[in-house]
Amino acid sequence: MGLLNFTREPVPEAVSGDMHNLSQLSTQQFSELTEVLFRFLMEPKEVERFLTQLSDFATMNKISLGPLKNIVKSILLVPNGALKRNLSSEQVRADFIALGLSEEKASYFAEQWKVNSPTLTRLAVGQTLMINQLIDMEWKFGVTAGSSELEKVGSIFLQLKLVVKKGSQTENVYIELTLPQFYSFLHEMERVKAILESFS
Amino acid sequence: MAAMRDGEFAALQSLLKAPSRDAVRQLCQECFSSPPTGLGPLARRACPGLALGADEAEQLVSALHNLTRHVVYRGLTRAEDILSLFPESFHQNLKNLLTKIMLENISAWRNEAQANQVSLPRLVDMDWRVDIKTSSDSISRMAVPTCLLQLKIQEDVALCGDSPVVSALTVELSKETLDTMLEGLGRIRDQLSAVANK
């Protein structure tokens, strides 16, 4: 096996056997299995659903679930590595062929990869580390009518509640701003938006 | 701030023993700014300068604190209004001096009261930076801009007294989050304009 694009590490022994078994599936079966796989890749949290669909596929095509799971594990190595390394569909196709999959099936999978990779890339970017991510903002503003020190006030206050994700918990931060501060804050945030847009 | 009692005005007349008008001015300032708990120590400090006994000093300081705070509370800006607070029998010149001092300071004192009022933690400063994320463990090549916003927040002034506690919170915003936030801020601005134009 030559150098692979999706990984620099040696591939587990079982993979070539799994690829061989995979090649035995009909075109129709392979296309169905690919669909199940990509659905999972698009929504990696839906593990239950994925396992159910695999089990249904196994039953309908009279394949034992155990070997099927192994095959799936081997297949998934490629798209996962491809995503990390921003591989093109040609590179994905080449890797599958190098692993022992038939040309026809490799091309089909690579085609599906091409179609789905923008969404998958966005998903991967979304999983990238964020520090103290701001997830929500609530606000209220009003007028201070009076206080214990001043009978009549009549000044405007603005209160913000920022919900910040710290690790796996959320923290609420409450702040009060004066009107000039609010306008200055708004102005700064508009500047940031313009800059972020120029980079997109 | 309740109105002054007659006994308190009597205590104020101790100011006649003050060495100078400036001394009176200074004491007025300190009595206004001091919280009720700080009046004891203030009285003790004022004693020697005013040639007063401990009790007299305490009563004076307390009365002056109440008078200045009352004037600020009511928002009295006209000389007549302040003069009318004093009883008939009060020393004329001292009354005029105190009124003059209070009129000079009322605006600064009002600002001080407002700055110290009860509030949520206040925003005191804000800084930001835009980073471009080029790589991560989930994807080795990307060019994703992101904003880091640092807010400096000061805890309630009343709780901290003289040493305000300022904490810094750094928050990361994606472009989508920023857009949503700006939508919210825009709505606030629109509502503020609507209120202002009423």
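In what follows, chains carry the letters A, B, and so on, assigned in the order in which the sequence lines appear, proteins first and then strands, with residues in each chain numbered from 1.
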Just wondering, are more than 12 heavy atoms of other shown residues or ligands nearer than 6.0 Å to [atom1] in [X]?
X: A:Q24; atom1: CD; result: yes
X: B:K17; atom1: NZ; result: yes
X: B:K175; atom1: NZ; result: yes
X: B:D190; atom1: CG; result: yes
X: B:E80; atom1: CD; result: yes
X: B:K133; atom1: NZ; result: yes

Kindly indicate, with the supporting measurements, whether the criterion side chain to side chain contact (heavy atoms under 4.5 Å, CB included) is fulfilled by A:L196 and B:T146. CA-CA 7 Å; A:L196 288 182; B:T146 187; 5.8 Å; no
Proximity breakdown for [X] and chain B, heavy-atom pairs closer than 4.5 Å:
X: A:I156; value: side chain
X: A:K166; value: side chain
X: A:Y174; value: both
X: A:L129; value: backbone
X: A:V173; value: side chain
X: A:K193; value: both
X: A:E190; value: both
X: A:M189; value: both
X: A:L123; value: neither
X: A:Q181; value: side chain

Could you check which of A:F199, A:F185, A:F157 has the highest count of heavy-atom pairs closer than 4.5 Å to chain B? A:F185
Identify which part of [X] has an atom lying under 4.5 Å from any heavy atom of chain A, answering side chain, backbone, both or neither.
X: B:M181; result: both
X: B:I188; result: both
X: B:R110; result: both
X: B:I132; result: side chain
X: B:L178; result: side chain
X: B:S135; result: neither
X: B:V171; result: both

Closest non-hydrogen atom pair between [X] and [Y], with its separation:
X: A:A124; Y: B:S138; value: O-OG, 3.1 Å
X: A:L177; Y: B:L123; value: CD2-CD2, 3.7 Å
X: B:R141; Y: A:N86; value: N-OD1, 3.0 Å
X: B:W128; Y: A:R191; value: CZ2-CZ, 4.1 Å

Could you state the interatomic distance from [atom1] ([X]) to [atom2] ([Y]), rounded to the nearest 0.5 Å?
X: B:Y73; Y: A:S148; atom1: OH; atom2: OG; answer: 8.5 Å
X: A:E176; Y: B:S119; atom1: CD; atom2: OG; answer: 4.5 Å
X: A:L162; Y: B:L151; atom1: CG; atom2: CG; answer: 6.5 Å
X: A:L134; Y: B:T170; atom1: CG; atom2: OG1; answer: 12.5 Å

Checking side chain to side chain contact (heavy atoms under 4.5 Å, CB included) for the pair A:E149/B:N116: CA distance, chi angles, key distance, verdict? CA-CA 9 Å; A:E149 302 306 308; B:N116 289 339; over 6 Å; no
Go through the steps for B:V144 and A:T128 under the test side chain to side chain contact (heavy atoms under 4.5 Å, CB included), then give the verdict. CA-CA 10 Å; B:V144 178; A:T128 302; over 6 Å; no
Does [X] share a hydrophobic cluster with [Y], counting links as ILVMFWY side-chain heavy atoms below 4.5 Å and allowing steps through other members?
X: A:V115; Y: A:F30; result: no
X: A:F38; Y: A:V36; result: yes
X: B:I106; Y: B:F32; result: yes
X: B:I101; Y: B:L64; result: yes
X: B:L42; Y: B:L60; result: no

Counting distance only, does the side-chain N/O of B:E172 pair as donor-acceptor with the main-chain N or O of A:M130 below 3.5 Å? no
Do B:V72 and A:L150 pass the side chain to side chain contact (heavy atoms under 4.5 Å, CB included) test, and can you show the C-alpha distance, the side-chain angles, and the key distance before you say yes or no? CA-CA 6 Å; B:V72 170; A:L150 296 163; 3.5 Å; yes
B:I139 and A:T121, any side-chain heavy atoms less than 4.5 Å apart: yes
Check whether any side-chain heavy atom of A:F182 lies under 4.5 Å from a side-chain heavy atom of B:L185, and answer yes or no. yes
Hey, which residues of residues 39-75 of chain A are touching chain B, say heavy atoms under 4.5 Å apart? none
Residues that B:D81 engages under salt bridge (Lys or Arg N to Asp or Glu O under 4.0 Å), provided they are two or more places apart: B:R78
